[in-house]
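Here the structure comes first, spelled out in structure tokens, and everything after it is commentary.
Here is the naming used below: chain letters follow the sequence lines, and residue numbers restart at 1 for every chain. Please read all numbers here as calculations on a predicted model, not as lab measurements.
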Number of protein chains: 4
Amino acid sequence: MLDAAVKVFSRRGFHAASMDEIAEDAGISKPMVYAYLGTKEELFVACLHREGTRMMQAIAGAAAPDLPADERLWRGLRAFFGFVGAHRDGWAVLYRQARGEQPFAGELATMRARLVEVVAGMLDHALRAEGREIAAIDLEVVAYALVGATESLADWLADHPDADPEKTATRMMNVAWLGAAQLLHGVTWRPPAD
Amino acid sequence: MLDAAVKVFSRRGFHAASMDEIAEDAGISKPMVYAYLGTKEELFVACLHREGTRMMQAIAGAAAPDLPADERLWRGLRAFFGFVGAHRDGWAVLYRQARGEQPFAGELATMRARLVEVVAGMLDHALRAEGREIAAIDLEVVAYALVGATESLADWLADHPDADPEKTATRMMNVAWLGAAQLLHGVTWRPPAD
Amino acid sequence: MLDAAVKVFSRRGFHAASMDEIAEDAGISKPMVYAYLGTKEELFVACLHREGTRMMQAIAGAAAPDLPADERLWRGLRAFFGFVGAHRDGWAVLYRQARGEQPFAGELATMRARLVEVVAGMLDHALRAEGREIAAIDLEVVAYALVGATESLADWLADHPDADPEKTATRMMNVAWLGAAQLLHGVTWRPPAD
Amino acid sequence: MLDAAVKVFSRRGFHAASMDEIAEDAGISKPMVYAYLGTKEELFVACLHREGTRMMQAIAGAAAPDLPADERLWRGLRAFFGFVGAHRDGWAVLYRQARGEQPFAGELATMRARLVEVVAGMLDHALRAEGREIAAIDLEVVAYALVGATESLADWLADHPDADPEKTATRMMNVAWLGAAQLLHGVTWRPPAD
DNA sequence: TATGAATGAGCCTTCATTCAT
DNA sequence: GATGAATGAAGGCTCATTCAT
């Protein structure tokens, strides 16, 4: 039943989507939508939740925690872009909506935070394996940047129906891993003395 | 006068913002808003345009084309995060809005395309200086990822009022440049044979 | 439910009538008006249509085609003025509105054209019975004039609540039939040689 | 200066005409329009007044009171249709507007009443010359019908840019005079006994 | 005097949301 | 339990009308 909601939200955007259309598309009457899923906002959150959970599961299922870091990252990225590629007009557009509407900023921030945490955890794990360590905040920000870059490529993928998810994952891996690998080996960049 | 519009659009989002509130916030009456800036959509586009132009100028003014690539990138990033830091609830949120609302996707895509082009140009320039070359589409995607990571950190900066723009720029530079530098020297990552 | 709309349109005129007033007058809420009858323009057209149809039916029902021409004309006129007398603030004022507002000129022209056609047909029929014939355009214009005179008396009737519809019909018959009868017998008027 | 107002009212209709457009078309600023001619309604009345007066003068100038009745009627009609033909989009449309908008019904009724009075006077004069007489109210209604027929043909003329005013006047004269002449000679029509 | 600039008021229209059946 | 019917509330936009210059 959420399927109808996801479809309509994707096609129209949050505000332009009307409860009428969602109900009709779901084949039930509007009061039922309210009875089962509450307010329009709650409905959207529910959609977001389900899609987010599915995505996280896809990633988690692919990137087993006992693999080496680069392998985990690669599998995770591949799963992620695969998921987005398969739900182009589903998740990606829904996600884009959520970024803009304040009521959902929190929900989205939570989802992203989970991703960031995972990525940061990977980096941290790899660092410690090399006997190195960097400040938690730096770790978080770098992870945040990587997640941001990934989302950005997901947008790009959603906008290019003919693009290949796997190849996109490879490109992202190039950007992410080469930089991360440097960081892992202690190479850092410092601002010039001005 | 656009200031009021930017403020309200930032606080409420495009749809939730009412022309009434914008007018009141600007200290003028609604018909004046229409007289000066036209439709709500046109008003939003005007905001987007002004903020975008200002940002591009800030970046272009800082990153002179005759500097070495890393220097340009660093200065550009510093200017960018400085700008976002100074217009937290202005630009960043405006930008977030524009990503979500279909009517403005085009306007925004144009702005981002300019940024991507600049970054891609920088990378290409540096590559050629090393006698190397990569496919245009790869260049574009990598640039796209870097821009995405940067936007993502900008979001993070906008959400953390106490964070330091310059430090954020440094972090971004670490991620971007270390990875880019590797690419520039011919190091690439390849997916395992599965 | 159209009744309320007809009443308000009559009292205020098309533009001055507000959907609020129509809804209140109908004892329902505004969204219902939109749900049932659509746009203000569509609502007006619906009023026009219903009143027009009723009137045409009243006339057609009274003036059977197999009667002699003068009998048909008389019965038609009597039915017409009877109808207008019974719907004074309904049809007559509605009709006056429609004449003025461009969007409805077409709708009205169609109705009037049907009337003109009927009248012209009657005249033509009577002429042929006398073995005579006149140019189609002359027939049309004469019919047009008769219809105009009739509408004009309808206005007069609508403005004089105490006047008797039947008597008004008799007067119109005097003007119309005496002139028409002359024409039917070949008497025509020619402009002086100047 | 009224010219601009007449032009705009004709082209757009009363409500659709904006004071802005009128002012601009007149080449002066809006406050001047208000200073010279007051409210939009007053302005429209002024237009109506001027056009009406001009028309009455055209008719009065042509139909000298000392002519025989048929001659007067003919000349009056010719002058009238000539005037309408020369001011097609001016007077006719203005007139049509006035019929629909209640605030002007009074003004228009006055103008029409003057015409009716003139026509009724002519008929009465001719009747008395024949030593006959009919009730004032009957006279008025017949005159009203003739005026109505005439207005109706004026509308027709305004809608047919290629039609010839003089010919239209002749047609009207046929309808009006043949019927009127009968009345003048005591021929009347009576409703059948049912 | 003439005007640019400003506004109060209101209208059409649309939805998210809920009773009464 | 399910729905058709109904609505409160609000929003974008326009325009006749008037100050302050």
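Separating the CG atom of A:L43 from the P atom of E:dC15 is a distance of 16 Å, rounded to the nearest angstrom. Here the C1' atom of nucleotide E:dT3 and the CD1 atom of D:I28 are 11 Å apart, to the nearest Å. Put simply, CE on B:M32 is 15 Å from C1' on E:dA9, counting in whole angstrom units. Rounded to an integer number of Å, the gap from A:E101 CD to E:dA16 P is 13 Å. As a whole-Å value, the separation of B:E24 CD from E:dA6 P is 17 Å. Atom CZ of B:F9 is separated from atom C1' of F:dG12 by 12 Å (rounded to the nearest Å). One interatomic measurement links the two molecules: CZ of A:R12 to P of E:dT14, which rounds to 14 Å at whole-angstrom precision. Taking atom CG of residue C:L37 and atom P of nucleotide E:dT13, one finds them 12 Å apart after rounding to whole Å.
Environment of NE2 in B:H160: crowded, with over 12 heavy atoms of neighbouring residues, nucleotides or ligands closer than 6.0 Å.
Note on A:D155 versus A:R99: salt bridge recorded, some NZ/NE/NH1/NH2 to OD/OE distance being below 4.0 Å.
The partner of F:dA20, taking Watson-Crick or G-U wobble pairs whose two distances both stay under 3.5 Å, is E:dT3. Nucleotide E:dC11 is matched to F:dG12 when pairs are restricted to Watson-Crick or G-U wobble geometry with both distances under 3.5 angstrom.
Panel note: side chain A:S10, backbone A:V6; a donor-acceptor pair is recorded below 3.5 Å.
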Sequence-aligned protein contact record of nucleotides 16-21 of chain F, with B where the base is within under 4.0 Å of a protein heavy atom and S where only the sugar-phosphate is: SBBB--
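In this model, the phosphate group of E:dA6 is approached by a side-chain N or O of B:Y36 to a distance below 4.0 Å at OP1 or OP2.
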Criterion side-chain contact (heavy atoms from CB on, under 4.5 Å) on B:F44 and B:Q97, from CA distance to verdict: CA-CA 10 Å; B:F44 190 84; B:Q97 299 299 331; 3.8 Å; yes
D:E51 and D:F83: CA distance, side-chain angles, deciding distance, side-chain contact (heavy atoms from CB on, under 4.5 Å) verdict: CA-CA 10 Å; D:E51 297 295 320; D:F83 182 87; 4.2 Å; yes
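Here the options are C:K7, C:R12, C:K40, C:K30, the test is salt bridge (Lys or Arg N to Asp or Glu O under 4.0 Å), and the partner is C:E21; only C:R12 passes. A ring-ring contact (aromatic ring centres under 6.0 Å, His included) with D:F9 is found for exactly one of D:F14, D:F104, D:Y95, namely D:F14.
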